[in-house]
There are 2 protein chains.
Amino acid sequence: MSVTLDHPSEASRAETRRVQIRAAAADCFRQRGFHGTSIAQISKAAGMSTGHIYHYFENKEAIIADIVAQDLERSLTLTTELRSASDVKDAMVERAIEGVEHNLDPSSAGLQLEIVAEAARNPHIAEIVRAADQACRDSLADTIRIQRQAAGHQDSEATIAGMVEALIAMFEGLRIRTIRNPDLNQAAVVQVFRRMIHDLLSQTP
Amino acid sequence: MSVTLDHPSEASRAETRRVQIRAAAADCFRQRGFHGTSIAQISKAAGMSTGHIYHYFENKEAIIADIVAQDLERSLTLTTELRSASDVKDAMVERAIEGVEHNLDPSSAGLQLEIVAEAARNPHIAEIVRAADQACRDSLADTIRIQRQAAGHQDSEATIAGMVEALIAMFEGLRIRTIRNPDLNQAAVVQVFRRMIHDLLSQTP
């Protein structure tokens with residue numbers, strides 16, 4: 001269903017509604033799982049009619065697509081900022097704390113795990129998640145390539161891809177860690193991650 | 001419900017049944033999620049009556065506990081073997097491939113993600129998962145401590161805990177990677193992981 005926007009205040013009202021629906025849906029997905037959540041429950045949690053929900057989102061998959069798009073935008077902003085730093089390696093080491101904090105946040109982690117668990121059985125969700133992942137990997141690969149070339153290293157594309165996977169695995173793995181070990185020492189994790197990122201980006205090919 | 005075992009063949013028949021139920025339940029959890037799976041569906045998938053299922057497992061949580069216990073046993077066997085290697089660091093680098101292959105297996109990954117997503121909202125499952133995680137962390141910490149002390153390094157307990165979390169995050173993160181990027185280059189990941197484990201365990205405090 002398309003939304004006709006006549007003037008800026010209407011556009012901003014529409015965005016506010018989408019944010020409200022996204023937050024309500026995220027709560028429902030976390031609590032009951034994607035499968036166990038109905039549009040009726042999301043409408044109740046958002047305090048809107050189901051008609052209103054359908055005005056903005058065709059179905060539950062469309063809400064997931066919106067959540068995934070938000071997360072991708074955050075990742076692309078970060079990798080773009082890292083790429084334009086005067087010392088990319090220092091910036092990646094320095095800003096590791098942001099990635100650790102973001103991925104250890106239990107409510108964000110629970111939602112992301114629910115989305116990936118659903119992607120493992122739902123081809124439509126899998127398609128959404130994989131397209132976003134590809135865009136994120138490409139941007140991180142560009143960032144690493146720039147850093148490595150500036151440092152005079154000649155890596156194969158397979159090595160760059162391996163580095164990208166290992167870096168993303170470390171950070172995404174924290175989403176599992178925060179559920180399995182809610183008492184983990186965040187400061188100690190940041191310290192070890194910083195050393196590992198530094199060493200990874202300093203490797204001779 | 002307790003099971004009375006009179007002789008070995010009965011014990012082995014009981015174990016065979018448990019293995020069958022576990023496998024059927026794992027398939028159901030992967031396909032429909034923990035929440036969306038009933039004991040009736042597990043009984044149908046296992047080709048047994050529901051009474052039979054209840055003879056071996058009190059409820060769905062008990063089946064999850066059994067799956068988690070199996071996974072823990074596998075981890076403890078590995079960390080114990082690593083600990084008794086003549087060169088612990090070399091053994092951890094060498095055997096990284098086993099952890100990569102195990103965690104990248106999509107059906108195992110899907111099940112593990114389902115369990116941790118459920119743990120994020122179900123306090124009983126969370127308790128099971130966290131107890132197993134604690135045992136796994138303790139064993140890996142012992143392994144790393146032995147390696148580091150043998151190499152003459154004096155680490156704080158926080159550093160050891162940070163190393164444990166980082167190592168587990170890398171490997172568990174692969175469960176998410178295999179869903180988000182099913183085409184990832186496994187050989188490249190193994191190569192980068194080996195270097196990272198080597199560098200992590202070689203760090204000066």
Side-chain angles (χ1 to χ4, degrees), chain A residues 30-36 103 106-107 109-121 126 129-130 132-134 136-137 156 158-163 165-166 168-182 184-185 187-193 195-196 199-200 202-203, chain B residues 30-36 103 106-107 109-121 126 129-130 132-134 136-137 156 158-163 165-177 179-182 184-185 187-193 195-196 199-200 202-203:
Chain A
R30 262 192 297 266
Q31 283 164 32
R32 283 180 283 266
F34 177 81
H35 230 60
N103 286 289
S107 74
L111 178 63
Q112 294 297 334
L113 289 170
E114 180 57 35
I115 292 173
V116 74
E118 186 61 25
R121 57 180 163 253
V129 160
R130 285 168 191 169
D133 196 74
Q134 169 91 60
C136 177
R137 289 197 313 275
S156 69
T159 298
I160 297 282
M163 288 178 167
E165 285 299 338
I168 304 182
M170 284 170 65
F171 283 97
E172 287 186 345
L174 294 178
R175 298 173 183 175
I176 300 178
R177 299 310 307 144
T178 195
I179 308 296
R180 293 180 64 109
N181 180 16
L184 68 75
N185 183 335
V189 168
V190 170
Q191 207 181 336
V192 173
F193 267 43
R195 272 295 272 281
M196 289 174 83
D199 291 350
L200 176 72
S202 308
Q203 285 179 3
Chain B
R30 263 191 296 267
Q31 282 165 32
R32 282 180 283 263
F34 177 81
H35 229 61
N103 286 289
S107 75
L111 178 63
Q112 294 297 335
L113 288 171
E114 180 56 34
I115 292 173
V116 75
E118 186 61 26
R121 56 180 163 254
V129 160
R130 285 168 191 169
D133 196 74
Q134 169 92 60
C136 177
R137 288 197 314 273
S156 67
T159 298
I160 298 282
M163 287 177 167
E165 286 299 337
L167 269 174
I168 304 182
M170 283 169 66
F171 283 96
E172 287 187 345
L174 294 177
R175 299 173 182 175
I176 300 178
R177 298 311 307 144
I179 308 297
R180 293 180 63 109
N181 180 16
L184 67 75
N185 182 335
V189 168
V190 170
Q191 205 180 337
V192 172
F193 267 42
R195 273 295 273 278
M196 289 174 85
D199 291 350
L200 176 71
S202 308
Q203 285 179 4

Worksheet item: Checking heavy atoms, do the side chain of B:A126, its backbone, both or neither come under 4.5 Å from chain A?
Response: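 When you check distances to chain A, no heavy atom of B:A126 falls under 4.5 Å.
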Worksheet item: Top residue by heavy-atom pair count (under 4.5 Å) with chain B, among A:P182, A:G110, A:A119, A:S156?
Response: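 Of the options given, most contacts go to A:P182.
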Item to complete: Would you mind telling me which of A:Q31, A:Q191, A:H35 has the largest number of heavy-atom pairs within less than 4.5 Å of chain B?
Response: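 If we count pairs closer than 4.5 Å to chain B, A:Q31 comes out on top.
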Practice prompt. Please name all residues satisfying side chain to side chain contact (heavy atoms under 4.5 Å, CB included) with B:N181, sequence neighbours left out, ordered by chain then number.
Written response: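 With neighbours one apart ignored, the set is A:D133, A:R137, A:E165, B:R177, B:D183, B:L184.
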With a 4.5 angstrom heavy-atom cut-off, could you sort out which part of [X] is near chain B: side chain, backbone, both or neither?
X: A:Q203; answer: both
X: A:A161; answer: neither
X: A:A166; answer: both
X: A:D199; answer: both
X: A:R180; answer: both
X: A:R175; answer: side chain

Just give me the residue among [options] that pairs up with chain A most often, heavy atom to heavy atom, under 4.5 Å.
options: B:R121, B:Q134, B:E118, B:E114; value: B:R121
options: B:V190, B:L113, B:L167, B:N185; value: B:L113
options: B:A109, B:A117, B:G36; value: B:A117
options: B:I176, B:I160, B:V189; value: B:I176

Discussion item. Using only atom types and a distance under 3.5 Å, with no angle test, would you say the side chain of A:R130 pairs donor to acceptor with the backbone of B:I179?
Written reply: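 The answer is yes, because a donor-acceptor pair under 3.5 Å joins these two groups.
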